[in-house]
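Numbering of ligands and ligand atoms starts at 1, following listing order. Along the sequence shown, residues are numbered consecutively beginning with 1. It should be emphasised that the depicted structure is a prediction, and the values quoted were computed from it without experimental measurement.
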Amino acid sequence: MTETKKDLLYEGKAKKVYATTKPDQLIQEFKDSLTAFNAQKKGSFKGKGTVNLKITTCIFNYLAKMGVNSHYLKTIDDQNILVEKLNMIPLEVVVRNFAAGSMSTRLGITEGTLLSKPIVEFYLKKDELGDPLITDDHVVMLKVATVAEIDHLKSCALKINIALKKMFSDIGIDLIDFKIEFGKNKKGEIVLADEISPDSCRLWDKATGEKLDKDRFRRDLGKVEESYHLVCDKILKVWGKH
Ligand code: ADP
Ligand code: UDP
């Protein structure tokens, strides 16, 4: 690879982050591990990192064409991408089109209920607190983002939702919800970061309702590997050449 991995800066649950020879660029290595429930449940399958890398980069390429800039710079190989180094905003920004997961549990809404409009939620990225749901006022009070930045994050998340819904709908999949992360580059611009993959989205087959995402692992539904590969094959076939 032309880009050289320098120090390992961080090892997360799904990726390793390396410094490069350039101070404003990082290499993200997608790992084969799968974790859930704040890493209390662990698993893996061979090739999972590659599948998530391919789905993420396909989505980031399409989003760039739709006017949403991400940290993605280039693919190095099957497990590594070069990205813009960002100062991460410690929020998990979740967009929901249908009720599922923690929203269904918290509010008592049956999983799969269509929401009258997409909802944006903020979770504070803090493993030791279990990433709690927080309000806009909490975000400002904690100095995680300003009111103007919150508005920008929300409108950006909703724009991403429109693009993702189209991408998945065209391959016969309903986008139930997803999580994204943002950071600031050295110019102070807010940029989409991290990954968008079956690890971070709920994806249900439109025809059968079958889950094609990390819930298969979380809930011991089987066919985890097959589902990730199915999503990857379908998205690349239709959107890989766009
Ligand atoms: P986690 O930290 O939740 O275990 P990962 O294993 O995916 O997650 O680790 C990737 C880490 O890299 C995350 O903490 C994420 O916030 C961070 N990250 C993602 N994109 C960038 C970027 N462009 N610059 C700096 N950090 C990033
Ligand atoms: N999500 C994620 N990382 C997290 C928490 C949630 O990628 O640490 C994604 C999850 O895959 C789903 C969406 O965010 O697509 C909403 O998750 P939810 O709040 O329902 O939490 P969960 O039920 O997964 O605990």
Side-chain angles (χ1 to χ4, degrees), residues 8-20 22-42 44 48-49 52-53 56 60 69-73 80-107 109 111-112 115 118-134 157 161 164 168 173-186 189-204 211-219 228 231:
L8 174 65
L9 300 178
Y10 176 78
E11 177 158 8
K13 297 182 281 283
K15 295 187 284 304
K16 289 182 189 172
V17 180
Y18 293 89
T20 66
K22 298 198 178 125
D24 54 352
Q25 296 185 355
L26 299 172
I27 292 175
Q28 281 204 327
E29 180 187 319
F30 285 66
K31 305 198 297 183
D32 285 346
S33 52
L34 264 166
T35 65
F37 314 120
N38 205 1
Q40 287 169 49
K41 179 170 175 152
K42 293 192 173 78
S44 70
K48 184 253 180 185
N52 276 4
L53 179 154
T56 294
F60 282 173
N69 287 328
S70 77
H71 68 167
Y72 173 62
L73 296 172
N80 295 280
I81 60 172
L82 188 70
V83 300
E84 183 179 17
K85 181 178 183 171
L86 302 174
N87 192 8
M88 294 302 289
I89 298 171
L91 290 176
E92 298 201 333
V93 180
V94 169
V95 181
R96 300 179 186 273
N97 296 304
F98 295 80
S102 72
M103 182 189 186
S104 288
T105 311
R106 186 176 304 109
L107 302 180
I109 305 173
E111 278 216 317
L115 305 177
I119 280 179
V120 184
E121 296 171 343
F122 294 123
Y123 292 82
L124 183 66
K125 215 171 138 65
K126 204 160 199 186
D127 280 342
E128 58 274 34
L129 297 179
D131 298 344
L133 176 66
I134 57 173
N161 184 44
L164 291 187
F168 285 113
I173 291 173
D174 276 327
L175 176 64
I176 306 302
D177 58 33
F178 62 95
K179 181 271 298 179
I180 43 181
E181 294 180 28
F182 295 87
K184 280 188 195 166
N185 65 16
K186 63 179 180 199
E189 296 160 338
I190 293 183
V191 176
L192 174 64
D194 208 49
E195 68 177 281
I196 300 180
S197 73
D199 273 5
S200 57
C201 303
R202 283 198 169 91
L203 305 167
W204 294 4
K211 298 183 197 325
L212 301 171
D213 54 66
K214 197 157 97 172
D215 274 346
R216 300 208 71 85
F217 169 71
R218 289 191 191 97
R219 304 179 186 189
Y228 277 60
V231 172

- Task: Could you check Arg219 against Glu111 for salt bridge (charged side-chain N to carboxylate O under 4.0 Å, His left out), going step by step and ending with a plain yes or no?
- Result: CA-CA 14 Å; Arg219 304 179 186 189; Glu111 278 216 317; 2.9 Å; yes

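- At a 4.0 Å heavy-atom cut-off, ligand 1 touches Met88 through the side chain alone.
- For atom 8 (O) of ligand 2, the closest non-hydrogen atom of the protein is Glu92 OE1, 3.1 Å.
- Within the 4.0 Å heavy-atom criterion, both parts of Lys15, backbone and side chain, lie near ligand 1.
- Which of Arg202, Lys13, Glu111, Glu195 comes nearest to atom 22 (P) of ligand 2 through a heavy atom is settled by distance: it is Arg202.
- Considering backbone and side-chain N/O of Ala14, one or more are found under 3.5 Å from N/O of ligand 1.
- Residue contact check for ligand 2: Tyr123 places a non-hydrogen atom closer than 4.0 Å to it.
- Taken from CZ in Phe60 to CD1 in Ile81, the straight-line distance is 7.0 Å, to the nearest 0.5 Å.
- Not a single side chain to side chain donor-acceptor pair (under 3.5 Å) links Thr105 to another residue, sequence neighbours left out.
- Residues satisfying the salt bridge (charged side-chain N to carboxylate O under 4.0 Å, His left out) criterion with Arg216, sequence neighbours excluded, are Glu210.
- Of the protein's non-hydrogen atoms, Arg218 NH2, 2.9 Å is the one closest to atom 11 (O) of ligand 2.
- At a heavy-atom distance under 4.0 Å, only side-chain atoms of Glu181, from C-beta outward, approach ligand 1.
- Looking at atom 13 (C) of ligand 2, its nearest protein heavy atom turns out to be Asp177 OD1, 3.4 Å.
- Residue contacts with ligand 1: Gln28 is included, with a non-hydrogen atom under 4.0 Å away.
- Heavy atoms of Glu121 found under 4.0 angstrom from ligand 2: none, in either backbone or side chain.
- Nearest non-hydrogen protein atom to atom 24 (N) of ligand 1 is Leu86 N, 3.1 Å.
- For atom 1 (N) of ligand 2, the nearest protein heavy atom (residue, atom name, distance) is Lys179 CB, 3.7 Å.
- With a 4.0 Å heavy-atom cut-off, ligand 2 is reached by the backbone of Asp199 but not by any atom from C-beta on.
- The protein atom (non-hydrogen) at minimum distance from atom 25 (O) of ligand 2 is Ser102 CB, 4.7 Å.
- Residue contacts with ligand 1 include Lys125, since one of its heavy atoms falls under 4.0 Å from the ligand.
- Residues Lys125 and Asp194 are not paired through a salt bridge, judged by the lack of any N-O separation under 4.0 Å between the basic side chain and the carboxylate.
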